[in-house]
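Numbers here are sequence positions counted from 1. Side chains are part of it too, since the values below use all heavy atoms of this structure and drop only hydrogens, waters and symmetry mates.
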Amino acid sequence: TQELGNQLMDLEKNPQENNIIQTIFRCAHTLKGNSTTVYNTILDMDPDEITLPHIDKIGKLTHALENLIMEVRDNGFVLTPSHIDLLFTAEEVIEQLLNYVETGEEHDISVGDLHQRLKEAVQSPGSIAIVMPKVTTVQADDSSKKYQLFLSIDESFKHAFLSLIYRDI
């Protein structure tokens, strides 16, 4: 999780950097796979192990975190500062759960709300939405066309979103 935390700090400075996003994805994927394997192994050997709930929660959180990062990597999902804060929160909770597993401590930590917020972040359209797509065609002497597109953009991030739109166009 230390690598995950370091990469999240880098992501905060550069939220669209592909190398950082790929590294975060690999960290989450590895944590998810390892926690799922450990959970299933311990469940078979000792279903009453007190750290099993922690390991299960690590798997669920890292899976949701992985899905969010996969949307960024594969589908161009734009991370806002609130998304990055959510990722930091998830990393902190995962770190806490890992500490409890290592020390063999039994604590009742609820991660349902955090897990839901991670899942909803992927399902939400983000902070940009096309309100009224409208194409206006105006023939000029050189046979060029003009197009208009009306957007609703989170005001505090308008320059970043517009930059992404211009790049895609």
Q: To the closest 0.5 Å, what do you measure between CG (Leu8) and CD (Glu91)?
A: 6.0 Å
Q: When you check the side-chain N and O atoms of Glu120 and Gln116, is any donor under 3.5 Å from an acceptor?
A: yes
Q: Under the side-chain contact (heavy atoms from CB on, under 4.5 Å) rule, collect the residues that match up with Asn34, sequence neighbours excluded.
A: Thr30
Q: Does any pair with a residue in residues 51-60 pass salt bridge (charged side-chain N to carboxylate O under 4.0 Å, His left out), and if so which ones, sequence neighbours excluded?
A: Asp56-Lys60
Q: Mind checking the CD-CD1 spacing from Gln96 to Ile109? Nearest 0.5 Å is all I need.
A: 4.0 Å
Q: Could you go through the side-chain contact (heavy atoms from CB on, under 4.5 Å) check for Asp113 and Arg117 one step at a time?
A: CA-CA 6 Å; Asp113 181 56; Arg117 288 171 42 214; 3.6 Å; yes
Q: State the CG-CD distance between Leu4 and Glu92, to the nearest 0.5 angstrom.
A: 10.5 Å
Q: Mind checking side-chain contact (heavy atoms from CB on, under 4.5 Å) for Thr37 and listing every partner two or more places apart, or none if nothing turns up?
A: Thr41
Q: Which atom pair, heavy atoms only, marks the closest approach of Ser35 to Thr62?
A: OG-OG1, 4.3 Å
Q: Could you pull out all residues at least two apart from Asp46 that satisfy side-chain contact (heavy atoms from CB on, under 4.5 Å)?
A: Asp48, Glu49
Q: Under the ring pair (Phe, Tyr, Trp, His ring centres under 6.0 Å) test, which residues partner Tyr39, sequence neighbours left out?
A: none
Q: With sequence neighbours left out, write down each residue that passes side-chain contact (heavy atoms from CB on, under 4.5 Å) with Glu66, or none if nothing qualifies.
A: Phe25, Ala28, His29, Lys32, His63
Q: Under a plain distance cut-off of 3.5 Å, with no hydrogens placed, do Thr80 and His83 share a side-chain donor-acceptor pair?
A: yes
